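Just below is one structure, and these are the notes that go with it.
Keep in mind it's a predicted model, so treat the numbers as computed, not measured.
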Amino acid sequence: MNKKLVSFAVALAFGTAAGVATAQTVVKIGHVGPLTGGIAHLGKDNELGAKMAIEDLNAKKVKIGGQEVKFELLSEDDAADPKQGTAAAQKLVDAKVNGVIGHLNSGTTIPASKLYHDAGIAQISPSATNPKYTLQGFKTAFRVVANDGQLGGTLGRFAVKESKAKSIAIIDDRTAYGQGVADEFEKAVKAAGGKIAGREFTNDKATDFNAILTKLKGKKPDLVFYGGMDAVAGPMMRQMKQLGINAKFMGGDGICTEELAKLAGDSMADNQVVCAEAGGVGKDKVAAMDKWKADFKKRTGADVQIYAPYVYDAVMVMASAMQKANSADPAKYLPELAKISYDGITGKIAFDAKGDVKDGALTLYTYKGGKRSQMMVVK
């Protein structure tokens, strides 16, 4: 081989090695949520939580395997649509991300989880609550909030035993989340001896509910449960008032936002709504959470909607597992993630054999004066 070829080969080899070294210093974290559409305010809330975590990790100059790394966020929009969700997931797989935080909705999280599993990429959902997500047996799938079995079950028992509802109507939006939480709610109502007066369904983009509400009005419900998101729940409450349905309104974390009061307007009476957030902090964590929320507002200019703190903790949990494994390679840090015990702003995070968070808390809320008001934290 002549000298020029030898020099070229050496330069090429050095360049390739340098490229690998450079690539190893960057840890790519994917985030997916609905950044457009009716619940974009929730997706952006999640994204801001992820950005804040990435900023804090980089400020700490984290070392993995003895080398300082730079964390980068690759954020994708799934518009809460399952097809767009799998397309977004494939983009992150192709980008060879080191891990994924997301998706927000169960309907996008579940189909996307197969792509991450097949690629061997760790996924932590900060907000998907459908039990099916972790029942698939994927060793790559984790979540940091309670699931619908806990959420719907708690609300169902509360409706019968605490709200003393005699006639309960259920509406869901037919998404994996909405139908899933409504099913669990119905099971718990029946188990507690409650009566289901009727069950109807709509979709997550509907604006006219007169037909189903008129049908339910004849059943004289004193409580209406809605499985779905706030973008539909608000207008639904307005139409309930127009039709003279004076019932309590209940729902899961999808409706449990500050935005709901704006969407429902003057149709929301004080203490009329009871909703549950799949998460919550005990008394020992309240001060730290309040401080974090104030910091979030200062840094992002936005109030926390629901899950930004859980996204933040999910990123930190993933980074902690990488540090423990001395590697950002999912194949190497996944065993550490599975056995992690991390003290986050949302509480102690550890996972069971399925990937569900252990001792997941729930927070029950109502609304007073157009503001969300905490009732209690339950486990």
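The hydrophobic cluster containing L135, built from Ile/Leu/Val/Met/Phe/Trp/Tyr side-chain heavy atoms closer than 4.5 Å, comprises no other residue.
Partners of F249 by ring pair (Phe, Tyr, Trp, His ring centres under 6.0 Å), not counting sequence neighbours: none found. Taking K190 as the reference, E186 meet the salt bridge (charged side-chain N to carboxylate O under 4.0 Å, His left out) condition, with sequence neighbours excluded. Y365 pairs by the ring pair (Phe, Tyr, Trp, His ring centres under 6.0 Å) definition with nothing, not counting sequence neighbours. Considering only residues two or more places apart in sequence or on other chains, F158 meets the ring pair (Phe, Tyr, Trp, His ring centres under 6.0 Å) condition with none of them. In terms of the side-chain contact (heavy atoms from CB on, under 4.5 Å) criterion, residue partners of S341 (sequence neighbours excluded) are, by chain and number, K348. The ring pair (Phe, Tyr, Trp, His ring centres under 6.0 Å) search around Y226 returns none, not counting sequence neighbours.
Under the salt bridge (charged side-chain N to carboxylate O under 4.0 Å, His left out) criterion, the residue pairs touching residues 206-221 are E200-K215, with sequence neighbours excluded. Contacts classified as disulfide (SG to SG under 2.5 Å) and involving residues 111-160 (residues at least two apart or in different chains) are not found. Sorted by first and then second residue, the disulfide (SG to SG under 2.5 Å) pairs with a member in residues 195-236 form an empty list; sequence neighbours excluded. Residue pairs satisfying the disulfide (SG to SG under 2.5 Å) criterion with at least one member in residues 224-315, sequence neighbours excluded, are listed as follows: C256-C275.
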List the atom pairs, with distances to 0.1 Å, where a side-chain N or O of residues 327-338 and a protein N or O form a donor-acceptor pair under 3.5 Å, not counting sequence neighbours.
residue	atom	partner	partner atom	Å
S327	OG	D329	N	3.0
D329	OD1	A331	N	3.0
Y333	OH	N98	O	2.6

